[in-house]
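Below: one structure, written as structure tokens.
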Amino acid sequence: MTAMGVYDAIVLGAGAAGLFCAATAGQQGKRVLVIDHADEPGKKILISGGGRCNFTNVHTAPDRYLSTNRHFAKSALSRYTPADFLTLVESRGIAWREKTLGQLFCDGSARQIVAMLMAECAQGGVDVVCGDAIRDVRHADALFHVVFGVRSVSAPALVVATGGPSIPKMGASGFAYDLARQFGLKVVQPRPALVPLTLGGDEVLFRELSGVATEVIARTDGPWGKGQFREAALFTHRGLSGPAILQVSSYWQRGAAVQIDFLPERGEGWLKTAKRERPRASVRKVLAEGLPERLATALCERLGLEGELVAQSDKALSAAEARLARWPFMPDGSEGYAKAEVTAGGIDTSALSSKTMEARAVPGLYVIGEAADVTGWLGGYNFQWAWASARAAGLAI
Ligand SMILES: Cc1cc2nc3c(=O)[nH]c(=O)nc-3n(C[C@H](O)[C@H](O)[C@H](O)COP(=O)(O)OP(=O)(O)OC[C@H]3O[C@@H](n4cnc5c(N)ncnc54)[C@H](O)[C@@H]3O)c2cc1C
């Protein structure tokens, strides 16, 4: 702490982005303070990736992010890459492994990533203070003044790194949006993303399949573009989950369908071919060759195709094929912020410099990480955005 409580930068939020930004600026010789209301830093990192933190994805590219401003993330992502973060991870002796789809995880524990970030902060002489609520933030005489707990501190730079409201029980809040509005920045309507979807109406019948998982292609079309993902889908007691559904949920808007291809491996005409080759096989048995038994039975019932293949008309089989390839679910909602891995939307990036994350109209004010309207796919992309945006701001301060 400086004697007068004056720093070069104050970072609000000791999460992924805040800690990395503070460490970057601190190691450039800046005096940096990080403030967080939670009792310890990096709580979301600790629960991420099932406790092993999927800290980046080797396939990181701007088209794997949703934002009202599609080009915004490009600059920061290109200047701090997954390979850069991996170099840091390895320099701290953290063992890692690649799982599916380019996802890099700690071999040991997510705790190692928090420890690494704290060690980087210590190396930069950063002060990290947890456990006190931020009571007031003001801007006067080219300085940002922050009151938290019983202290008052000032700095010419303020970094908003308080994330989004997903998982409120971890200390997540919409604080960043209130602060943005206070400084005249717009907020793109936030919404839960990477979140399970719920089924109602007739589709509640699918809840009976709770626990059944299968690989599908899930598709939806919304204002944020077309989402199409080939991964596992899982039926739950409330509706649909699993990676394919979480991914597609970020693109889904209320009232739209999510289409599921239950048998992505099967080519056109496969049911008619099966009828010619094995006329006495039941439709259910043929479906169960590519799907879990309970799901095959449920789909068969809904298709109204009981009995042997030979008993079905070619027309009925073609119609069934088409339905199985684009089974339309109409989710009636999502499980909300309580279950959403991230918040899509957020502080409008059109007011920010894509090079430095600084608000053009408020010199010295920076917005990084999930607080900004940039949302990655599932699989390490959100942490990579946190690191890249933090780095851009940390070097600019
Ligand atoms: C269960 C779960 C698993 C996840 N797994 C992964 C994964 O494996 N890979 C991946 O890439 N992404 C994952 N994510 C998403 C990832 O955790 C976030 O995108 C990332 O943490 C965002 O970083 P951030 O620094 O912007 O925000 P956060 O890490 O959320 O940090 C924000 C910080 O601000 C603090 N804060 C909030 N409000 C206030 C306030 N009013 N006053 C003071 N402090 C405040 C919070 O306490 C927190 O410490 C996961 C998310 C969840 C919920």
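The structure displayed is predicted, hence computed values, not measured ones. Just so you know, these numbers use all the heavy atoms, side chains as well, and skip hydrogens, waters and symmetry mates. Each ligand, and each atom within it, is numbered from 1 in the order the structure gives.
In this structure, Arg391 forms no cation-pi arrangement with Phe85, as its terminal cationic atom is not both closer than 6.0 Å to the ring centre and no more than 45° off the ring axis.
The immediate protein surroundings of ligand 1, defined as residues with any heavy atom under 4.0 Å of it, consist of Gly13, Ala14, Gly15, Ala16, Ala17, Asp36, His37, Ala38, Lys44, Ile47, Ser48, Gly49, Asn54, Ile134, Ala161, Thr162, Gly163, Ile167, Gly171, Ser173, Phe175, Glu341, Val342, Gly369, Glu370, Gly380, Tyr381, Asn382, Phe383.
No donor-acceptor pair under 3.5 Å is formed between the side chain of Glu301 and the backbone N or O of Ala298.
For Arg294 and Glu208, the salt-bridge test fails: no basic side-chain N is under 4.0 Å from an acidic carboxylate O.
Applying the salt bridge (Lys or Arg N to Asp or Glu O under 4.0 Å) rule to Glu215 yields the partners Arg230; only residues at least two apart in sequence or on another chain are considered.
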Trp385 vs Tyr381, ring pair (Phe, Tyr, Trp, His ring centres under 6.0 Å): CA-CA, chis, key distance, verdict: CA-CA 6 Å; Trp385 168 246; Tyr381 296 99; over 10 Å; no
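In this structure, Phe55 has its ring center at least 6.0 angstrom away from the ring center of Trp96.
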